[in-house]
> 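Attaching a single structure in structure tokens format; questions to follow.
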Protein chains: 2
Amino acid sequence: MYEFELCPRFEKAVGLLSQRWTALILYQLMSGPQRFCTMTEKLGVNGKTLTERLKELEQQEFVIRAVYPETPVRIEYSLTEKGMALTPIMREIEAWSKQWM
Amino acid sequence: MYEFELCPRFEKAVGLLSQRWTALILYQLMSGPQRFCTMTEKLGVNGKTLTERLKELEQQEFVIRAVYPETPVRIEYSLTEKGMALTPIMREIEAWSKQWM
DNA sequence: TAAAGTTAGTTACATAAAGTAAGTAACTTA
DNA sequence: TAAGTTACTTACTTTATGTAACTAACTTTA
């Protein structure tokens, strides 16, 4: 019934960034690999939601999960090339927020 | 209990764009002033949510509401300078989506 | 070697946000 | 005067998110 005249790729990209926490998770990972617990603390996101988001981001190849079988086990999340490519968007948001917020 | 180490302005900006529909509404308005009904049709957003979003965006001075007492009445929403300043962000999202989506 | 600690989650339940569909109000045209 | 248009609002349902306690695997300490 509705006409979707927007570019579907753009809509999909916005849909991704519009999901709560997703943009902040990606931004956080831009400063380097991070562990689960660090991310919950730094972002204030609850564990359940972070689990969901990281799984989605892993499936969509924004994020890689690396397991280091140390003592205790260390699991680190980091950005793929696709994820890294979001950096210019974040830089623009930063620039805008500095000027207008 | 949590440490928020992110720049609060950046967080606020991301929070704005992370709200469902907000980014698409702003993007839609970048192509010029729009009426309520046009926006519901083009975006597929329901009236209640569009009302809420437009009120928020008006309060935060991203959007101006103009009433034209014609027959029938015409109400148009358009971007303020603050709203227009979001264009580079949208352009980056567009560029990214073309390459990676 | 058993208790306590650390890490990365999961589960059950409560609350908040968003969606749907029908309704309202002001006005005009046929 | 009935029907149409526009811009919403309201009541109700569904979905998403949050909280807090729990599990599982492993290690350190007493």
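Here is how names work: the chains are called A, B, and so on, in the same order as the sequence lines, proteins then strands, and each is numbered from 1. Since we're looking at a predicted model, the values are computed, not measured.
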> With respect to the phosphate group of C:dA8, does any side-chain polar atom (N or O) of A:R65 fall under 4.0 Å of OP1 or OP2?
no

> Quick one: on DNA chain C, does A:T38 or B:R20 contact a more 5' nucleotide (nearest heavy atom)?
A:T38

> Under the 3.5 angstrom rule, does the side chain of A:T40 hit a backbone N or O of A:G47 as a donor-acceptor pair?
no

> Return whichever of B:K48 or A:Q19 has its heavy-atom-nearest nucleotide of DNA chain D closer to the 5' end.
B:K48

> Rounding to a whole Å, what distance do you find between A:L50:CG and D:dT19:C1'?
15 Å

> Starting the side chain at C-beta, find the nucleotide from D:dT17, D:dC8, C:dA8 nearest to A:T49.
D:dT17

> Determine: side-chain N/O of A:R35 to OP1/OP2 of C:dA8, distance under 4.0 Å, yes or no.
yes

> Using whole Å, what does the distance between atom P of nucleotide C:dT28 and atom CD of B:E70 come to?
12 Å

> Please check the phosphate of D:dG18 (OP1 and OP2 only) for any side-chain N or O of A:W21 closer than 4.0 Å.
yes

> What is the separation between atom CD on A:E58 and atom C1' on C:dG9, rounded to the nearest whole Å?
14 Å

> With the side chain of A:T51 defined as its heavy atoms from C-beta on, choose the nearest nucleotide among C:dA8, C:dT10, D:dT9.
C:dT10

> Within the 4.0 Å heavy-atom criterion, would you say B:Y77 contacts the bases, only the backbone, or no part of the nucleic acid?
sugar-phosphate

> Could you check whether any side-chain N or O of B:S18 sits under 3.5 Å from a backbone N or O of A:S18, counting only pairs where one atom can act as donor and the other as acceptor?
no

> Hey, does the side chain of B:R65 reach the backbone of B:K55 with a donor-acceptor pair shorter than 3.5 angstrom?
no

> May I ask you to say what A:R74 touches in the nucleic acid, namely base, sugar-phosphate or nothing, with a heavy-atom cut-off under 4.0 Å?
nothing

> Which nucleotide in the list D:dA7, C:dA18, C:dG9 gets nearest to the side chain of A:F36?
C:dG9

> Whole angstrom is fine here: how far is it from OH in A:Y68 over to P in D:dA25?
23 Å

> Figure out the CD/P separation between A:E52 and D:dT15, and round it to whole Å.
15 Å

> Starting at CD of A:Q34 and ending at C1' of C:dT7, how long is that distance when rounded to a whole Å?
16 Å

> Taking A:K82 for its side chain and A:Q60 for its backbone only, find out whether a donor-acceptor pair lies under 3.5 Å.
yes

> Roughly how many Å is it from CZ in B:R53 to P in C:dG19, rounded to a whole number?
8 Å

> Would the distance check show the side chain of A:R9 and the main-chain N or O of B:Q99 forming a donor-acceptor pair, the cut-off being under 3.5 Å?
no

> Respond yes when some side-chain nitrogen or oxygen of A:K55 is under 4.0 Å from OP1 or OP2 of C:dA8, and no when none is.
no

> Between A:E76 (CD) and C:dT7 (P), how many Å, whole number?
13 Å

